[in-house]
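Below, each value reflects all heavy atoms present in this structure, side chains not excepted, and no hydrogens, waters or symmetry copies. Both ligands and their constituent atoms are indexed starting at 1 by order of listing.
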Amino acid sequence: MENAARKKVMLSGIQPSGDLTLGSYLGAIKNWAERDEEFDNYYFMADMHSITVRQDPAALRRRTLEQLAQYIACGLDPEKNTLFIQSHVPQHAELGWVLNCYTMFGELSRMTQFKDKSAKNSENINGGLFTYPALMAADILLYQPDYVPVGEDQKQHVELCRNIVQRFNGIYGDVFKMPEPYIPKVGARVMSLSDPGAKMSKSDKDPNGSIYLMEKPEDILRKFKRAVTDSDTENCVRYDPTNKPGVANLMTIYSAVTGKSFDEIEQEFAGKGYGAFKPAVGEAVVETLRPIREEATRILGDKAYLESVYRAGAQKASYVAEKTLRKVYKKVGFVAR
Ligand code: TYM
């Protein structure tokens with residue numbers, strides 16, 4: 001009977017490798033927070049993934065705690081969601097090693113994130129950067145989730161995780177549940193405001209391309225006013241991602257924060273042009289982020305509370321993770337401790 005009553009499980013994580021952006025929010029966190037009644041949820045700060053790129057230790061610690069405060073401020077109630085720091089749950093590293101041995105060199109070589117990141121960090125193409133998807137598969141499979149809510153750019157890693165499940169279960173029987181990526185219809189790929197051909201990224205060197213969750217309203221407005229629109233002479237708000245990628249990106253953002261459809265947006269700005277559209281998108285984003293920023297700032301001031309959240313989260317996560325790890329160790333032939 002326990003199974004019949006079992007809620008479906010959701011799990012996801014974000015690397016504290018930079019300040020959270022509007023992309024992290026619309027592609028991931030917003031969708032987590034909307035579903036916390038329906039599912040049993042696990043969300044974590046992927047600090048172990050972050051060190052695949054060199055980090056300043058003090059900044060990594062600060063961002064990890066800020067990220068936790070932001071998760072809560074975005075609506076993830078720690079009573080209904082298990083919120084934890086990846087490095088606090090050692091089973092991630094343990095299962096990560098095992099899964100490394102069930103992940104093929106060829107599969108890892110095809111990962112576009114590896115190709116992008118090794119091109120950007122040519123002085124530090126380390127083993128962790130290459131085998132990172134095996135650790136990500138461990139993050140997922142320890143909790144046997146039904147769904148993994150991520151943005152479009154992480155889909156390839158979830159697909160690789162599914163290949164690992166197939167391979168592992170093919171050898172040892174039904175050990176892992178097959179997870180499904182869960183990708184939002186609008187906001188799955190938010191692009192840079194200064195270069196609509198590139199993803200909005202936490203680690204972008206150009207601060208004008210990204211909107212940060214904690215950013216001041218005046219800075220957000222300024223960035224939207226300066227956002228790159230398209231070089232056509234049409235000056236018309238119309239959804240055409242191929243020919244008008246800058247406008248399409250702004251429409252996506254506006255749609256995600258207001259809930260309006262692309263048709264409704266086109267009608268709202270008919271005859272008004274980009275000069276009216278860009279500040280309107282900026283205002284809508286400011287109003288969406290204002291309560292999040294205010295609440296995150298308040299929570300960050302309460303270090304004891306944050307500590308109680310991540311401790312309880314690690315304890316609960318570890319309990320669930322250990323069950324899976326034991327099963328795996330037994331299957332592969334390790335002597336029980
Ligand atoms: P990360 O930290 O790069 O991004 C976190 C989440 O935000 C989404 N995202 C975006 N969505 C839309 N538009 C954007 N511009 C944008 N930028 C980021 C990402 O798709 C992601 O969902 N490997 C993962 C972290 C991770 C993980 C996991 C995720 C580690 N273990 C297990 C799920 C399950 C990563 O680097 O995401």
Could you pull out every protein residue that has a heavy atom closer than 4.0 Å to ligand 1, ordered by chain and then number? Leu11, Ser12, Gly13, Ile14, Gln15, Gly23, Ser24, Gly27, Ala28, Phe44, Ala46, His49, Tyr132, Met136, Asp139, Ile140, Val148, Val150, Gly151, Asp153, Gln154, Gly187, Ala188, Arg189, Val190, Lys199, Met200, Lys202
Give a yes or no on whether Arg311 atom CZ has more than 12 heavy-atom contacts from other residues, nucleotides or ligands under 6.0 Å away. no
List, one per line, each side-chain donor-acceptor pair under 3.5 Å for residues 177-191, sequence neighbours excluded.
from, atom 1, to, atom 2, distance (Å)
Lys177, NZ, Asp146, OD1, 3.2
Tyr182, OH, Arg35, NE, 2.9
Tyr182, OH, Arg35, NH2, 3.2

What side-chain donor-acceptor pairs closer than 3.5 Å can you find for residues 92-101, not counting sequence neighbours?
from, atom 1, to, atom 2, distance (Å)
His92, ND1, Asp139, OD1, 2.8
His92, NE2, Tyr143, OH, 2.9
Asn100, ND2, Gly96, O, 3.3

Please go through Met48's hydrophobic cluster and name the other residues, only I, L, V, M, F, W, Y counting, with side-chain heavy atoms under 4.5 Å joining them. Leu135
Verify whether the ring centers belonging to Phe44 and His88 lie closer than 6.0 Å. no
Run through Tyr254, Tyr239, Phe262, Tyr274 and flag the one making a ring-ring contact (aromatic ring centres under 6.0 Å, His included) with Phe269. Tyr254
